[in-house]
Structure formats: structure tokens, C-alpha cells
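Atoms within each ligand, like the ligands themselves, are counted from 1 in listed order.
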Amino acid sequence: MFAKRLSAAVAASICFAMPAMADKLDEIKDRGVLKCGIHLGKAGFATPDAEGTWQGFDVDYCRALAAAVLGDATKVEFSTMSSKNRLTALVTDEIDVLSRTTTFTATRDMRNGVDVTTPWFYDGQGFLVKKALGVSSAADLSGATVCTYPGTTSERNVNDFFETNGMTYKALIIEGSAEAKTAYLAGRCDVITNDRSALAATRLGMSDADAHILLPDVISKEPLGPYVKAGEGRWRDVAAWTAMALIAAEEMGVTKANAASMADTGGPGIKRLLGSEGSIGEGLGLETGWARAAIEAVGNYGELFDRHLGANSPLAFERGLNAQWNEGGLLYAYPFR
Ligand SMILES: N[C@@H](CCC(=O)N[C@@H](CS)C(=O)NCC(=O)O)C(=O)O
């Protein structure tokens, strides 16, 4: 009994004597730059503009995160990731966060040394075909050659879909969206399957877009969102809550332009979000006003959506599942209190 008590006391003193280990959040603050993994190039989500600056919905999430953590949205180093290497890049610390149309799945979250944060864009898998094929539904695709990408959920889902429906297909697995598009246009496959947002972006980039259609079928759930390395609890929280701050801002009517005045004149919930009341985030090691910095850097979720994916973008996506929970969608930021 005494020995037991003694060893507990020794253990406690060792614990107290141990210096706090620096975690990912400390590391990023010390470095002064956020390392963000993005897509190789996908319209609306991540594309370089005429000056070579990355733009897009996933790109701006990283800018918001840099603003929240470092107080400066420009302090981001972007690295492009293929579908195959993207999760490993987190494990090897090549990147701090992966913001690249990556579906949250059980296997990835549980086994790969990475953790999901919070959904950023709700998608689903579909099929892009040439109108000339004369197909109007996925049920007509039996016997087709299907182009898809290695290491993606698309590759697995398409298999489930054909098997479940007692249909056959031939897979042509091609790395890189541009290469898959070339193969499809050259007739090496009859159909490309992928997240529907990706297919819409691919179609948009075709000189004869009208000769291709996105079939109406949605064969899977693809909740896309940022991933971080496993075991980095504080950093995971920051990554998740930054996304939720932008979602909550839209819900509360806080925009890039009005955040400063809303910090003074808004109701208590808005003040808590913007840091003019309370101290949400301090426990994590964030500066007061971290969420306001993120909103002022890129705008709220709705502004981001309109700019890159929605009404003000060539993609012109409807909000659909990505509308707020009280507008028929799935966006549901946890309360800021
Ligand atoms: N959301 C799916 C698919 C994401 C994905 O990587 N899609 C394709 C098309 S946008 C891709 O990146 N292809 C390019 C590549 O092979 O790297 C996943 O997480 O597996």
C-alpha cells in the first residue's frame, strides 16, 4: 500500500516536472507560416489565377486558418497534393492541414494517422458522359469503361454501385484530373466518375462543354473537409472551429465588411463569436478576435461559396446540402458559447 502511494507520488512529481511538449499549434506559431495542402488544380476549389496566386474555396479556408492562428491570411505556404499522397503528407509533417476535397471516411479517420475536422462541403459521387452516348441514367451504364482516380473514394464507390446493381464495368484508373479528362475525350473510357463538384469543374473546362452531361444520379455521400495529423487535439480543434466560425458568421449575418461594426453593435452571440465579449478560443491558445480575423480575411461561408462556387462563379452551384440548417441544408455550426 505504502509502496503504491509512494510510486503514485513519484509519478506525480515527474509529471509536474516535465516541460510541456510543443504541439502542432505551437510549431505553426513558431514557424509563422501555415503549411496547407491543396488540390493540383480544380476550378472553384483551388486554381492559380493570372498572377499565379492560388484561389478557391479550399484555398481560402487555409487563409482563414492562417488569419485565426497567425493574425495574417497571407502567411500560408500552399503545396499541391495528388489524391494518392495527400494523407501521407500530414503524417510526415510536410503539411499542417489538408484542404483538398477529401472525403471524411471511417477508414481514413481511424487508420491513416490522420483525423477529420468538420465538413466543409457536402458532395456526392456522379457520372459525366458524352451526350452522344445517349445515356440518361447511371442504370444505363452496364458494360461501360469508367475512368476514375487512384486512392479515392470514387474508385471504391463505383465498384459498390455496379456490384450492388448487378452491372458490369471496366475501370480505367488514371492519376491526375487532366490526364483522366484527356483519356475520356480520346474515348479511352465512356464515363468519368468522381465527386459531382469535380465533374462539373471538369466539364466547365471542356471546349465543348455542351456535348457532355452530368447524369442526375448521386451514388454516394462525400462529406469533404480539412484533415489534420492524428493526435493533435488542440490543432484539430482550431481547424474545426475556424470552419465553424465562418459558418456561424453566415448564420448570424456577420460579413467581411460588417464584422468590425458588428463586434460593437451585434447581440451577445455575435459579440462572443467576434471576441468583443467573452474569451472563446483563449483556452486553445488563440488570440481574442481570432474568429473575427478569419471572417475579415475571407468573408463568411456564404460569401466564400458565392465567390468561388455559387452565383458569382462560373460553376454557379446551388447551395443544396451546403445551405444552412435553417434553410434546408446541412451546415450546422456548434454554438459559440
Ligand atoms: N473526395 C474523393 C475524391 C477526391 C479526388 O481526389 N478527386 C480527383 C478529382 S478532383 C482527383 O483529385 N484527381 C486528381 C488526382 O489523381 O490527383 C476522395 O476524397 O477520395
Please find the pair of heavy atoms, one from S154 and one from T148, that lie closest to each other, and give the distance.
CB-OG1, 3.5 Å

Between R100 and D58, is there a side-chain N and carboxylate O pair less than 4.0 Å apart?
no

Note: K221-D123 ion pair, threshold 4.0 Å (strictly below)
no

Tell me the protein heavy atom at minimum distance from [atom], and give that distance in Å.
atom: atom 4 (C) of ligand 1; result: T101 O, 3.3 Å
atom: atom 2 (C) of ligand 1; result: T153 OG1, 3.2 Å
atom: atom 13 (N) of ligand 1; result: Y149 CD2, 3.3 Å
atom: atom 16 (O) of ligand 1; result: G176 N, 2.8 Å

Would you check whether [X] has a nitrogen or oxygen atom less than 3.5 angstrom from a nitrogen or oxygen atom of ligand 1?
X: L224; value: no
X: S82; value: no
X: R100; value: yes
X: T103; value: yes
X: S83; value: yes
X: D195; value: yes

D96: which of K24, K29, K75 passes salt bridge (Lys or Arg N to Asp or Glu O under 4.0 Å):
K24

Around [X], counting heavy atoms of other residues, nucleotides and ligands shown, do more than 12 lie under 6.0 Å from its [atom1]?
X: E163; atom1: CD; result: no
X: M110; atom1: CE; result: no
X: E27; atom1: CD; result: yes
X: R188; atom1: CZ; result: no
X: K131; atom1: NZ; result: yes

Looking at ligand 1, does R86 have a heavy atom less than 4.0 Å from it?
yes

Is the shortest distance from a heavy atom of H39 to ligand 1 less than 4.0 Å?
yes

Ligand 1 versus [X], non-hydrogen atoms closer than 4.0 Å: side chain, backbone, both, neither?
X: L40; value: side chain
X: S177; value: both
X: E155; value: neither
X: T152; value: both
X: N194; value: side chain
X: K84; value: neither

Face-on cation placement of K181 at Y184 ring, 6.0 Å and 45° thresholds
no

Is a side-chain donor or acceptor of R203 paired with a backbone partner of A209 at a separation under 3.5 angstrom?
yes

Per-atom filter on ligand 1: closer than 4.0 angstrom to a heavy atom of A198 are 10 (S)

Check: F104 ring centroid to Y227 ring centroid under 6.0 Å:
yes

